[in-house]
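Note that this is a predicted model, so its numbers are computed, not measured. These values consider heavy atoms only, across backbone and side chains, with no hydrogens, waters or symmetry-generated copies. Each residue takes its place number in the sequence, starting with 1.
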Amino acid sequence: MTASVSHDLAAATAALREDFKLLIDGASVGADQALDVINPATGRVFARCPAAGRAELDRAVTAARRAFPAWRDMSFEERRERIKRMAQVLRDHQAALAELLTLEQGKPLGQARDEIGRAATQSEGMAQIAIAPETLTQDEQRSIELRYYPLGVVGIITPWNAPINLAAGPLTSALYTGNTTVLKPSPYTPLTTLKLAELLTAVFPAGVLNVLAGGDELGQWMTEHPGIDKISFTGSVATGKKVMASAAGTLKRLTLELGGNDAAIVLDDVDPKTIAPKLFFAAFVNSGQVCMAIKRIYAHERIYAALCSALAEEARKARIGSGLDPQTQLGPIQNKEQYERVVGILEETRRSGARILAGGKLPDGPGYFMPPTIVADVDEHSRLVQEEQFGPIVPVLRFSDVDDALRRANDTRYGLSGSVWSGDTERAAAIAARLEVGTAWVNQHRTTSATVPFGGAKESGVGRQYSVLGLKSYMEPRVISVLKQPA
Ligand code: NAD
């Protein structure tokens with residue numbers, strides 16, 4: 001099949017944009033170094049922004065430390081009001097931010113708008129959560145209370161697949177709980193985060209929020225920096241391990257939200273045609289570049305053939321192209337390195353003799369496009385099944401026995417999430433509870449909320465984001481133990 005790809009000529013020929021600044025201590029500033037940013041739909045540089053070095057990082061950390069006591073001493077209500085204003089800024093500027101996000105990230109405009117809307121909703125949701133002192137003992141002799149205090153300065157490092165949503169979660173958690181922040185977006189997608197920072201200067205006092213674009217080395221300097229108390233990192237498992245090792249030098253607190261290889265187990269009592277669109281969307285949204293996308297589908301042998309054809313049909317219908325084209329459902333892969341990695345997995349899969357049911361043929365023309373590709377009869381030990389592909393290619397594997405499907409789904413160092421699909425929700429829930437993951441869904445995948453913890457088991461992460469559990473991980477518990485006897 002040859003995929004038809006819509007390209008955006010206007011985006012390909014527009015002048016280089018350079019209207020971006022870092023945010024340090026409440027001021028928009030430049031830097032000596034710069035980062036070129038590529039539009040993945042054209043493969044061309046369309047913008048340039050300042051890149052922070054060690055000096056900018058030191059200034060940002062100093063500003064954040066200086067701003068910390070006053071911000072810490074505000075009440076939760078006062079900080080909630082600021083978070084609400086941040087959410088309002090996201091909504092007021094949703095259209096312009098979404099367009100920039102599509103240009104740098106590649107995702108369709110509608111999904112870029114959704115990402116920004118979701119960042120607003122999740123932030124407001126988190127800022128409604130109460131962190132109350134807990135009474136552990138209260139009797140005539142003793143009172144023992146557990147209280148939570150902000151940590152200080154939180155360094156936030158984000159990836160390129162959902163830069164605004166994945167900044168908003170840690171940012172709200174850190175700020176609402178009384179910490180100040182230094183945020184570093186991915187060098188592939190720094191622009192929307194920098195624009196948002198500019199808009200937020202009116203919302204947060206100077207130094208409370210600092211935003212630095214920069215390369216991978218900037219991330220490493222943050223993890224080593226003695227002025228940063230916690231790192232909230234979202235990215236790959238490999239980098240997560242480096243972050244953990246590097247943060248050990250100063251014993252920083254850590255939240256690591258890492259990669260996944262999510263399995264969906266489809267039982268024999270479903271209607272393949274009805275669930276295929278749901279499975280397809282959960283696997284291919286953002287061209288598969290979602291940590292919790294479905295990355296392996298285990299289908300019962302009774303419905304295997306029918307599900308394979310229904311998924312292939314969905315893949316053939318999907319329209320790929322520039323995210324700026326309103327008809328586009330799937331955009332490009334975000335960057336050249338990732339494109340080459342996913343193409344490598346596709347080629348290995350083809351060589352292995354697996355059946356490619358839809359997609360698989362790379363379109364001509366510029367941009368990092370790959371059509372949604374459905375693969376059947378693939379070896380369990382292939383890269384496509386074992387690795388996190390993080391791209392638009394998904395294997396459908398056959399099983400005849402649920403215990404065997406569970407064993408194969410769990411036979412991985414990843415443990416982010418997974419799902420079970422069935423007409424019998426109770427049976428499915430019992431099976432889902434045996435998935436070794438942070439979140440196990442039934443008849444859905446990718447549903448998260450501000451009040452529900454999200455994070456990975458095994459090598460998919462450390463700690464949880466969102467919910468009271470997530471918020472408390474941006475705080476230090478302190479026991480106040482009183483012996484009720486005058487000294
Ligand atoms: P990445 O690990 O390459 O980079 C993530 C960030 O880390 C970037 O900002 C990068 O500049 C920075 N970085 C690179 N080297 C560093 C170092 N040594 N020290 C500190 N920071 C460093 O990840 P990516 O390719 O941008 O993102 C894709 C990955 O992120 C996938 O594995 C995906 O599953 C994962 N992800 C996880 C979640 C989650 O919530 N669990 C969400 C989205 C993405």
Side-chain angles (χ1 to χ4, degrees), residues 118 121-122 125 129 257 259-285 288 290-314 374 376 380 385 388 394-461 463-470:
R118 187 170 173 71
T121 313
Q122 298 272 71
I129 297 171
E257 290 284 348
N261 193 6
D262 285 18
I265 299 179
V266 185
L267 305 187
D268 58 356
D269 60 356
V270 299
D271 172 18
K273 281 213 167 102
T274 310
I275 69 156
K278 297 178 192 168
L279 291 172
F280 182 81
F281 184 75
F284 287 95
V285 66
V290 177
C291 57
M292 57 179 134
I294 294 176
K295 305 209 172 90
R296 301 174 283 160
I297 299 174
Y298 288 94
H300 191 275
E301 60 185 358
R302 264 205 288 277
I303 47 109
Y304 184 79
L307 186 66
C308 282
S309 339
L311 286 167
E313 187 53 35
E314 291 299 317
I374 305 282
E380 190 83 21
V385 179
E388 180 191 39
V394 171
V396 191
L397 301 123
R398 192 191 305 260
F399 74 89
S400 51
D401 170 61
V402 169
D403 284 341
D404 177 52
L406 272 168
R407 185 191 55 74
R408 288 154 69 193
N410 287 333
D411 186 18
T412 169
R413 289 300 302 147
Y414 290 104
L416 192 56
S417 30
S419 53
V420 179
W421 301 72
S422 168
D424 179 344
T425 54
E426 258 179 55
R427 179 176 168 228
I431 296 167
R434 294 169 63 197
L435 285 168
E436 295 163 5
V437 292
T439 304
W441 287 288
V442 169
N443 295 342
Q444 56 178 344
H445 201 108
R446 276 185 79 237
T447 322
T448 60
S449 111
T451 52
V452 177
F454 183 79
K458 301 183 184 173
E459 291 192 5
S460 284
R464 294 293 182 269
Q465 210 72 263
Y466 306 114
S467 78
V468 70
L469 199 63

Flag if over 12 foreign heavy atoms under 6.0 Å of CD, Glu426: no
How long is the straight-line distance from CD of Glu301 back to CG of Asp268, given to the nearest 0.5 Å? 9.0 Å
What's the spacing between Lys278 NZ and Arg446 CZ if we round to 0.5 Å? 15.0 Å
Between Leu267 and Phe399, is a side chain to side chain contact (heavy atoms under 4.5 Å, CB included) present by the stated rule, with each step listed? CA-CA 9 Å; Leu267 305 187; Phe399 74 89; 4.2 Å; yes
Atom pair CG (Leu311) and CD1 (Ile374), whose distance is rounded to the nearest 0.5 Å: 5.0 Å
Side chain to side chain contact (heavy atoms under 4.5 Å, CB included) for Lys295 and Thr412? Distances and angles first, verdict last. CA-CA 12 Å; Lys295 305 209 172 90; Thr412 169; over 6 Å; no
Please assess Ile275 against Leu307 for the test side chain to side chain contact (heavy atoms under 4.5 Å, CB included), listing each intermediate value before the final yes or no. CA-CA 8 Å; Ile275 69 156; Leu307 186 66; 4.2 Å; yes
Sidechain-backbone polar pair: Lys458 side chain, Asn410 backbone, donor-acceptor under 3.5 Å: yes
Which atom pair, heavy atoms only, marks the closest approach of Leu469 to Pro453? CD2-CB, 4.1 Å
Ile303 versus Val270, closest heavy-atom pair with distance: CG2-O, 4.0 Å
Tell me whether Thr451 contacts the main-chain N or O of Ser467 through its side chain, where contact means a donor paired with an acceptor under 3.5 Å. no
To the nearest 0.5 angstrom, please state how far the CG atom of Leu397 sits from the CD atom of Glu380. 5.5 Å
If I compare all heavy atoms of Leu416 with all of Gly260, which pair ends up nearest, and what's the gap? CB-CA, 3.9 Å
In Å and rounded to the nearest 0.5 Å, what is the OG1 to CD distance from Thr448 to Gln122? 5.0 Å
Whether Trp441 and Phe454 hold their rings parallel, tilted or perpendicular, with breakpoints at 30° and 60°: parallel
Considering only NZ, NE, NH1 and NH2 on the basic side and carboxylate oxygens on the acidic side, decide whether Asp403 and Arg434 come within less than 4.0 Å. yes
In sequence, state the C-alpha distance, the side-chain angles, and the governing distance for Val437 and Asp262, and then conclude on side chain to side chain contact (heavy atoms under 4.5 Å, CB included). CA-CA 9 Å; Val437 292; Asp262 285 18; 5.9 Å; no
Which heavy atom of Ile265 sits nearest to which heavy atom of Ala409, and what is that distance? CD1-CB, 4.1 Å
Hey, is Arg407 close enough to Asp404 for a salt bridge, meaning N to O under 4.0 Å? yes
If I take atom OG from residue Ser422 and atom NE2 from residue His300, how far apart are they, to the nearest 0.5 angstrom? 11.0 Å
If we ignore hydrogens and angles and just use 3.5 Å, is the side chain of Tyr304 paired with the main-chain N or O of Val396 as donor and acceptor? yes
